[in-house]
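First the proteins, then the strands, lettered A, B, ... as listed; each starts at 1.
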Amino acid sequence: MFAVIYLPQFHLQAVWRQEPELRASPLAVMDDAEPKAAVMELSAAGRAAGVSLGQTSTQARARCPEIVLRPRSRAQEEAIAGMLLQGAFCFSPRIEATAPHVCTLDLQGMPLLATFAQNCASVEDWAQRIVAAFDQMRLSAQVGVAETPFLAWQAAQLGRPISCAGAAEEIVAALSLEKLGLPTAILDRLERWGIGSVNAFLALGREKIAERLGVEAAEIHDGLRGRESRPLKLVTPPETFEEFLEFELPVETIEPLLFVLRRFVEELSRRLGAIYLVAQELKLQLGLAVGAPYERLFVIPAPTSEVEALFRIVHTHLENVRTEAPIQSLRLSARPGRSGQYQFGLFETALRNPNQFHETLARLGALLGSDRVGSPRLRATHRPDSFEMEVSRMANGVFGEEESAGEPSQVCGLALRRFRPPLPAVVELRENRPAWLRSSWVSGPIIALKGPVKISGSWWDEKRWAREEWEAQTRDGGLCRLAREQEHWFIDGIFD
Amino acid sequence: MKAASANGIIQLRRVLAERFPQVPAWTEGVAARVHPCWPTGFKRLDESLQGGLPTGAISEIVCDGGGAVFLRSLLGQAQQRRQLMGLIDGCDGFDPAGMSAAALSRLLWVRCHNAEEAAKAADLLLRDRNLPLVALDLQMNPNGQLRKISATTWYRLQRIAQQSGTVLVTLTAAAMIPCAEVRVNLENRFTLADLDKEPEDIARELKFAVTRSHVSRETATAIAEAG
């Protein structure tokens, strides 16, 4: 048994996906590959207004002044073709990309076929689920199930939107000659012969059809008789989930960009959700009018298909992006993955909302500078105040290192409050020891002193440094750390 | 039979407390507590506050010596409870030196240039709701900057902390937060000799005065209701 998923009005659906507001309008998709663009697909409203296929844009407008004309959207058509395969793969692992708008599924070995001979309800339910899944992706699909790929394709075209036929005769009875895909010359000849139905066509017999109408018609005859049994050319669906739009006019402000971006995120989320996947990474690409495109990869801390969470991550970043040229195109792709399942420690406290935390870190980074937010990590050096800010681990919800042996278990005694940069000071020396201190923070005679501690490092390269440190207590009670570096005095900080 | 099962539970609690010392044990003190609290790590202060700093409220620590020690103690508690702590450093003065990598890895350090930035950062972190403890350190910020933070800002932060259940601790040089649930004055003068002391000794000797407390307010309410 085979099933065919067919996307009718393929070119129109590609346009509607980008401009859903045109669904009710008279719309014609023009084939721009022709020297003179002609209508290649037409919405029901357009057809009702008297426009027909093959007309030029002038002729179409003459018939219906309100008609909206759109060129083929090849990027959207590619996206839909990918979605068709991705959606079909959820229902059978053996699929064929028969055409951009047609996907054939091999149902061999599927449990639902066990009861098909007695009752086709289970197959109809299954087909209904396919239609619902595509409906969730805002695509209208028709499904046909039959014994051969050809019959399944014919059944799918019947447009009910589900057609599950156990025998070839049921489908043949419902078909018309025009739907068989016979060349126009053969159709004309059959009409002249007075043959107006598929049953009459089949009654001619295979030999006579082959003799008088050629091999092509004979093959269709075989297909209708259920004798065709070609192997499927199996494919795997593309693993990329991508949305692309080229703006008619370059975009210079964030608002239109965000508008489109939100729709993209919604679309990607819908596509991922339909096949039970979540986004692990988002890749944003802004094509600029001049110069190389701007690219940014977002790793999602807690993979999700939630629109708000995904949109906020991109939105927060874009608030601080300045491009050198207007934006010509927008591409957003998602790397899919399975929904994350973690086993935390019994007493480990997880973040309530890692994605929210990631966004907050991004906002704080935008407010203060990315180097001023994060978890401090001490550098392996004796140089005072030497640390680096680590944000990536924390942003990904990873925090808390196990305590390693040898390092201080908690805190040292008195803590220093540092001045960054160190506060310049004037120090009066007596017997080469600080005796009087003057600075903008603390001034006065030094009544107690500890030091000096002479430290140096990196003497082997150009970053060499050397300093001496004193702990000093002034008469007014202030306890501070003094440092002398290259004959200049500073207050590193006060003990608090 | 009942006595036997009660003894069993007590023994089980004891075994668990020995096996997992980092997990706060269920004690009589915890049971008696009305609101969940965040211990400061200073035993006497925690006793005065009946467990520690209240969650979902602002606790103002007015520092005249000992603010940095207090902050480090809070971070030690966060490490012990395996929680994250946010430190909004109003003047970029926190010194991570001398602290373990394990403790630092639980710290989100936000290094601000001035008090205005610190207030904005506090707003963002509280709204985030991921951190159970946020410390806003404004002790070193000049008065001119602090005066620019309006009272409505503090009320807003208090409301957000209340909604998110976050412990918001502010360190200031002078009392300035009208809606602080708890106010503790730290008054300490350190000498050179204190540099050689162990953290436990400094914690034990830390001088403080609780000038406003949710505990006293609850007691007063209870007395009024009883009367």
Side-chain angles (χ1 to χ4, degrees), chain A residues 345-349 351-354 356-357 359-361 363-364 367-369 371-378 384-387 389-391 393-394 398-404 407-420 448-450 471-473 477 479 492-496, chain B residues 20 22-23 63 65-69 71-73 75-76 79-84 91-113 117 120-121 124-125 127-132 139-140 188-199 201-202:
Chain A
L346 189 57
F347 303 115
E348 194 60 68
T349 312
L351 291 173
R352 281 184 194 170
N353 186 345
Q356 172 71 42
F357 191 59
E359 193 205 335
T360 304
L361 291 183
R363 283 183 186 277
L364 287 169
L367 177 68
L368 306 164
D371 59 327
R372 300 183 78 86
V373 181
S375 181
R377 180 177 280 262
L378 297 173
D385 202 24
S386 189
F387 62 88
M389 298 293 274
E390 216 177 36
V391 74
R393 287 175 72 244
M394 203 168 237
V398 181
F399 55 87
E401 288 180 6
E402 286 304 315
E403 219 160 274
S404 58
E407 66 174 2
S409 64
Q410 219 192 68
V411 294
C412 69
L414 225 46
L416 192 69
R417 274 188 185 277
R418 285 194 172 273
F419 295 109
R420 291 192 179 93
L449 197 64
K450 194 176 173 186
E471 266 98 39
Q473 189 173 0
L479 185 61
D492 268 354
I494 56 166
F495 288 99
D496 179 35
Chain B
F20 304 106
Q22 72 277 15
V23 180
C63 306
V69 173
L71 269 182
R72 286 186 170 220
S73 179
L75 183 53
Q79 185 194 355
Q80 211 171 14
R81 293 162 70 103
R82 298 188 173 217
Q83 296 276 11
L84 264 183
C91 222
D92 193 14
F94 175 73
D95 184 22
M99 302 200 70
S100 66
L104 291 177
S105 68
R106 295 197 173 270
L107 175 70
L108 173 65
W109 183 18
V110 183
R111 302 164 58 200
C112 304
H113 300 94
E117 277 185 358
K120 284 181 186 169
L124 284 173
L125 266 192
R127 284 181 199 281
D128 181 74
R129 294 173 177 232
N130 274 301
L131 306 182
Q139 193 188 332
M140 301 277 274
N188 295 278
R189 286 281 173 274
F190 297 114
T191 62
L192 277 180
D194 292 323
L195 289 172
D196 300 325
K197 285 184 181 169
E198 292 295 316
D201 296 331
I202 291 177

Hey, could you give me the [atom1]/[atom2] distance between [X] and [Y], rounded to the nearest 0.5 Å?
X: B/Met140; Y: A/Asp496; atom1: CE; atom2: CG; answer: 7.5 Å
X: A/Thr360; Y: B/Arg129; atom1: OG1; atom2: CZ; answer: 11.5 Å
X: A/Leu414; Y: B/Lys197; atom1: CG; atom2: NZ; answer: 9.0 Å
X: B/Glu117; Y: A/Arg372; atom1: CD; atom2: CZ; answer: 7.5 Å
X: A/Leu364; Y: B/Arg111; atom1: CG; atom2: CZ; answer: 13.5 Å

_Greatest number of heavy atom pairs closer than 4.5 Å to chain B - which of A/Met389, A/Gln473, A/Arg420_ =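 Top option by heavy-atom pairs under 4.5 Å: A/Arg420.
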
*Is the closest side-chain heavy-atom distance between B/Leu104 and A/Phe387 below 4.5 Å?*
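Side chain of B/Leu104 against side chain of A/Phe387, heavy atoms only: no contact under 4.5 Å found.
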
*With a 4.5 Å limit on heavy-atom distance, are the side chains of A/Leu368 and B/Lys120 in contact?*
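The answer is no; the side chains never approach within 4.5 Å.
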
_Any donor-acceptor N/O pair, A/Ser375 side chain to B/Arg106 backbone, under 3.5 Å_ =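 Judged by distance alone, no pair lies under 3.5 Å.
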
*Relative to chain A, which of B/Val110, B/Leu75, B/Leu192 shows the most heavy atom pairs under 4.5 Å?*
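Winner by heavy-atom pair count: B/Leu192.
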
*For A/Leu449, is it the side chain, the backbone, both, or neither that has a heavy atom closer than 4.5 Å to a heavy atom of chain B?*
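A/Leu449 touches chain B through backbone heavy atoms alone.
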
*What part of A/Leu479 gets closer than 4.5 Å to chain B, counting heavy atoms only: side chain, backbone, both or neither?*
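The side chain, not the backbone.
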
*Side chain, backbone, both or neither: which part of B/Leu131 has an atom under 4.5 Å from a heavy atom of chain A?*
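The side chain, not the backbone.
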
*Locate the shortest heavy-atom distance separating B/Gly67 from A/Arg417; write the atom from each residue and the value.*
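Distance-wise, the nearest heavy atoms are C-NH2, 3.8 Å.
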
*Can you name the closest pair of heavy atoms from A/Phe495 and B/Phe190 and give their distance?*
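Here A/Phe495 and B/Phe190 meet closest at O-CD1, 4.3 Å.
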
_With sequence neighbours excluded, residues passing side chain to side chain donor-acceptor pair (under 3.5 Å) with A/Asp371_ =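 Counting only residues at least two positions away or on another chain, A/Asp371 forms no side chain to side chain donor-acceptor pair (under 3.5 Å).
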
